[in-house]
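The block underneath contains the structure these notes are about, expressed in structure tokens.
Throughout, a chain's letter reflects where its sequence line sits, starting with A, and its residues are numbered from 1.
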Amino acid sequence: MPELPEVETVRRQLSPVLEGATITDAKIHDTRLTRPVDPRLVADALVGETIATVGRRGKYLLVRLESGRTLVVHLRMTGSLRYAPAGELPADAHRRAILRLDTGTDIAYRDVRRFGTWELLDEDHLRPYLAARLGPEPLVQSFSSAKLTRLAAGRRAPIKAFLLDQRRIAGIGNIYADEALWRARIHPRRPAGELDETELARLHRAVRAALRKGVELEGSTLREYVTPNGSAGGMQREFHAYGRLGEPCDRCGRPIERIVVGGRGTWFCPHCQRL
DNA sequence: AGGTGGACCCGAACGC
DNA sequence: TGCGTTCGGGTCCACC
């Protein structure tokens with residue numbers, strides 16, 4: 001599942017490939033990708049554009065174009081981007097779009113479950129679009145423990161649901177939520193507003209450490225996700241909690257358990273992370 | 001207002 | 001072996 005570290009990896013690999021290049025051809029095969037906008041409209045608008053920068057906000061990839069418009073890409077669950085010299089990408093039944101660049105590179109978008117989205121927004125719409133959906137970036141300097149405390153104050157939702165809510169903090173998904181809570185030794189069902197200062201300080205460190213580790217290892221490859229150059233991420237080898245039902249806790253040796261919190265599968269250590 | 005649960009999607013894993 | 005069923009997960013939206 002592409003979360004902040006996976007999308008950041010995509011951004012880092014694609015920015016040198018995309019920046020300064022001009023799109024010479026665009027094909028979008030799946031009407032779901034741009035819905036409700038006709039994919040031909042989006043494809044036509046992309047052709048002739050030069051890419052200024054490739055950014056990221058939360059789990060959104062932001063392809064900023066010289067015209068001032070931005071292609072906002074969300075990979076959702078199974079989306080991925082690949083690049084290769086033009087014509088060299090192998091056939092793919094799940095390819096949903098392809099861009100050709102004047103540099104002789106093809107960029108292919110693949111999405112098995114078709115939840116991903118491409119939206120072309122102009123400057124006036126991008127800011128409110130992101131502001132309505134996303135809280136602060138957890139890896140920036142200004143995201144302090146005090147800020148996390150303010151965000152959590154009065155919240156009755158389980159801390160896991162709080163971490164998954166993109167309007168509170170941007171970029172955390174199911175994997176990094178479980179990993180952060182394991183690191184902080186906090187039970188996923190604890191009401192967010194009831195955590196004390198010490199616990200929130202631990203959680204603050206844990207969220208950032210888990211995300212940074214993910215970025216360092218170029219994300220987690222479970223089924224679908226691969227980085228744009230085709231390599232796998234390495235974070236899945238570092239999981240302490242996620243998906244480890246019955247395996248011994250790396251801290252205390254007791255078996256990891258699985259429960260459902262906020263409708264999501266949740267793995268934790270019942271000894272280290274108590275209610 | 002804020003929290004919860006279903007819909008969207010489809011391949012993999014599972015059960016008989 | 002083969003078929004049907006269940007599961008999952010990010011976000012949006014309807015419903016308490």
Exercise for the section: Could you check how far CG of A:N174 sits from P of C:dG10, rounded to whole Å? Expected result: 5 Å
Show the atom names and distances, to 0.1 Å, of all donor-acceptor pairs under 3.5 Å that link a side chain in residues 86-94 of chain A to residues at least two apart or in another chain.
from: A:D92; atom 1: OD1; to: A:H94; atom 2: N; distance (Å): 2.8
from: A:D92; atom 1: OD1; to: A:R110; atom 2: NH1; distance (Å): 2.7
from: A:D92; atom 1: OD2; to: A:R110; atom 2: NH1; distance (Å): 3.0

Problem - Carboxylate-amine/guanidinium contact A:E199 A:R185, below 4.0 Å - result: no
Handout entry: Contacts of A:E49 that satisfy salt bridge (Lys or Arg N to Asp or Glu O under 4.0 Å) - sequence neighbours left out
Key = A:R69
Fill in the blank from the handout: Nearest-nucleotide check on DNA chain B, A:A157 vs A:R32; residue mapping nearer the 5' end is A:A157
Practice task
Could you check whether A:R258 gets within reach of a base, just the sugar-phosphate, or nothing at all, counting any heavy atom under 4.0 Å?
Solution key: sugar-phosphate
Problem - Polar contact flag, side-chain donor to acceptor under 3.5 angstrom, A:Y109-A:D111 - result: yes
Completion exercise
For A:Y60, the hydrophobic cluster (side chain heavy atoms closer than 4.5 Å, chained through members) also holds A:L62, A:V72, A:L121, A:L126, A:Y129, A:L130, A:L134
Problem - Summary of protein contacts for nucleotides 11-16 of chain C, nucleotide by nucleotide, where a base hit scores B, a sugar-phosphate-only hit scores S (4.0 Å, heavy atoms) - result: BS----
Exercise for the section: Starting at atom CG of A:D165, determine the distance to atom C1' of B:dT4, rounded to an integer number of angstrom. Expected result: 12 Å
Practice task
May I ask you to check if A:R258 and A:W267 form a cation-pi contact, with NZ or CZ under 6.0 angstrom from the six-membered ring centre and within 45° of the axis?
Solution key: yes
Problem - Nucleotide B:dC9, atom C1' - distance to CZ of A:R114 in whole Å - result: 7 Å
Problem - Protein-nucleotide distance (A:L33, atom CG; B:dC9, atom P), rounded to Å - result: 13 Å
Problem - Nearest-Å distance for atom pair CG/P, residues A:L75 and B:dC10 - result: 17 Å
Practice task
List the steps, then state whether side-chain hydrogen bond (donor to acceptor under 3.5 Å, both in side chains) holds for A:E197 with A:T149.
Solution key: CA-CA 7 Å; A:E197 203 88 7; A:T149 301; 4.6 Å; no
Handout entry: Base of B:dG3 paired with side chain of A:R155 (donor-acceptor, under 3.5 Å)
Key = no
Problem - Rounded distance (Å) that lies between atom P of B:dC9 and atom CG of A:D30 - result: 10 Å
Practice task
Name the nucleic acid region contacted by A:G265, choosing base, sugar-phosphate or nothing; use a 4.0 angstrom heavy-atom cut-off, strictly under.
Solution key: sugar-phosphate
Completion exercise
A:R167 CZ to B:dG3 P, in whole Å, measures 9 Å
Exercise for the section: Check whether any side-chain N or O of A:Y242 sits under 4.0 Å from OP1 or OP2 of C:dG8, and answer yes or no. Expected result: no
Handout entry: Results of ring pair (Phe, Tyr, Trp, His ring centres under 6.0 Å) for A:F268 - residues two or more places apart only
Key = A:H187
Problem - Heavy-atom check, side chain of A:R32 versus side chain of A:T117, under 4.5 Å - result: no
Practice task
Rounding to 10 degrees, work out the angle separating the end axes of the helix from B:dG2-C:dC16 to B:dC16-C:dG2 (five pairs an end).
Solution key: 60°
Exercise for the section: Examine the base of B:dC9 for any acceptor or donor lying under 3.5 Å from a partner atom in the side chain of A:R113, and report the outcome as yes or no. Expected result: no
Practice task
Quickly work out the A:W267 CH2 to C:dC7 P distance and round it to whole Å.
Solution key: 13 Å
